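Below is one structure; the comments refer to it alone.
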Number of protein chains: 2
Amino acid sequence: MNDFSPAVMKTLLKQAGLRATPARIATLTLLSQSSKPLSHAEVSAELKNLGVDKTTVYRNLNDLVGANLLRRAELGDHIWRFELANHHDEACSLHPHFVCIDCGDVFCIDEKYLQARDFQLENQNVTVKEILVRGHCNNC
Amino acid sequence: MNDFSPAVMKTLLKQAGLRATPARIATLTLLSQSSKPLSHAEVSAELKNLGVDKTTVYRNLNDLVGANLLRRAELGDHIWRFELANHHDEACSLHPHFVCIDCGDVFCIDEKYLQARDFQLENQNVTVKEILVRGHCNNC
DNA sequence: TATCCAGATGCAATTGAGTTGCATATGGAC
DNA sequence: GTCCATATGCAACTCAATTGCATCTGGATA
Ligand SMILES: [Mn+2]
Ligand SMILES: [Mn+2]
Ligand SMILES: [Zn+2]
Ligand SMILES: [Zn+2]
C-alpha cells in the first residue's frame with residue numbers, strides 16, 4: 001500500500017529504539033506491500049523462505065505493535081491481524097475493516113464509506129478504537 | 001436482562017428444534033439474568049454445580065447461537081462471549097453495536113449515527129450483516 | 001405408561017493460536 | 001574488531017475451543 005524501501009524501514013525501526021534486523025525489515029516491507037492486514041500465520045509463511053522462525057515473527061509483530069509501527073486488529077475470528085500503523089498513508093487514519101463471513105477475506109474500508117469518528121451514545125461519549133463490518137463479499 | 005422463566009426457555013428451545021435439556025434451560029436462564037455477555041468459562045463455572053460438563057456447555061452455546069437464540073461476541077480478548085439474541089428486546093433491525101474494550105459493556109448504536117447499509121467497496125458489492133464498534137466507554 | 005432412537009451428554013484426546021524458557025547468535029555502539 | 005544488550009531458533013508449554021466415541025435421555029409414538 002505504501003511500499004517503503006528497506007532503508008526507510010531501517011530508519012523507522014531505529015527511531016523506535018528497535019534493532020533493524022532482516023526479519024523486522026522483511027516484516028515491515030511485507031506489510032507495506034499488502035492491501036489488507038495479515039495474520040501471524042500469513043506473515044510467517046511469507047518469511048519462512050528467509051529462514052525466519054515463526055516464534056520470531058510472533059515476537060516481532062508484537063514488539064512492532066508496542067512501538068506503534070504496526071496496528072493489531074481482532075476481526076472477529078480469533079486471529080490477530082497486523083497492518084502498518086500508517087497503512088493508508090493518510091496520517092494514521094482509523095479506518096474500518098470488512099470481513100467476509102464466508103471466505104474470511106478482509107478489506108480495508110475507506111473512511112468515506114463509513115466514518116470512524118467518536119460517537120455520542122445515550123448521553124455517553126465513547127472513544128472509537130475499531131470499526132468492524134461483517135458480511136458477505138462479492139464472491140460469496 | 002429479560003429473566004424468562006424455565007417454561008419460556010423450554011418453549012423457545014422447542015420452537016428452535018432443540019431438546020429442552022436441563023443444561024440448555026440453565027444456560028438460557030443464566031444468560032437471561034445477566035446484564036453482560038458471559039464467556040464459556042463463566043457459564044461452565046456456573047453450571048458445574050448442576051453436574052454439567054464444560055464440553056456440553058461449549059456445544060450448547062454454539063448450538064444455541066446456530067438456532068439464533070444466542071448471539072456470540074468477540075470483545076477483543078480472544079474469548080467468545082454469549083448473550084441472549086433478544087437481549088436488547090428491540091425489534092431485530094440490523095443496527096450496529098458498541099463494545100467497550102475495557103469493561104465489556106455493550107450498547108446498541110442508533111442507525112442515525114452509523115448506517116448499516118450495504119457498501120460498494122472497490123467495485124465490489126458487499127452485504128452487511130453486522131457492524132461492530134469497539135472502543136472505550138464513558139466509564140472506562 | 002412403556003418403547004425406542006435421533007439427538008444430547010460425559011470424558012478423554014486433540015487442535016491451533018499464541019507464549020515462554022533458554023541457549024546461541026548478532027546488531028550496532030564504542 | 002570487541003562486547004553485550006537485544007534478537008533469534010527451537011522446543012516445550014498454555015489455554016480456549018473442538019472432536020471422537022461410548023453412553024444416556026428427551027420426547028415422539030404407540
Ligand atoms: Mn486496513
Ligand atoms: Mn442491540
Ligand atoms: Zn467472501
Ligand atoms: Zn467500559
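Not measured: the values here are computed from a predicted model.
- Contact annotation for B/N60: backbone-only contact, meaning every heavy-atom pair under 4.0 Å involves sugar-phosphate atoms and none involves a base.
- Among the heavy atoms of the strands lying under 4.0 Å from A/N62 are primed sugar atoms or P, OP1, OP2 only; no base atom is included.
- For B/D53, the listed nucleotide lying nearest its side chain is C/dG10; candidates were D/dT8, C/dG10, D/dT18.
- Here C/dG28 is the nucleotide among C/dA8, D/dA7, C/dG28 with the atom lying nearest to any side-chain atom of A/K14.
- The minimum heavy-atom distance between A/R71 and A/L84, with the atom names listed, is NH2-O, 4.3 Å.
- Checked against C/dA17, D/dT6, C/dT9, the side chain of A/R19 finds its nearest nucleotide in D/dT6.
- For a distance-only test at 3.5 Å, the side chain of B/R24 fails to qualify as a donor-acceptor partner of the base of C/dA8.
- Tracing side-chain contacts under 4.5 Å through hydrophobic residues (I, L, V, M, F, W, Y), one never reaches A/I79 starting from B/L132; they form parts of separate clusters.
- Under 4.0 angstrom from either OP1 or OP2 of C/dA17 there lies no side-chain N or O belonging to A/H40.
- Aromatic ring orientation, A/H40 versus A/F82: tilted (interplanar angle from 30° to 60°).
- Judged by closest nucleotide on DNA chain D, A/T56 is the one of A/T56 and B/A20 placed further toward the 5' end.
- No hydrogens or angles were tested; on distance alone, a donor-acceptor pair under 3.5 Å links the side chain of B/R59 to the base of C/dG10.
- As judged by a 4.0 angstrom heavy-atom cut-off over every strand, B/T55 is placed among the base-contacting residues.
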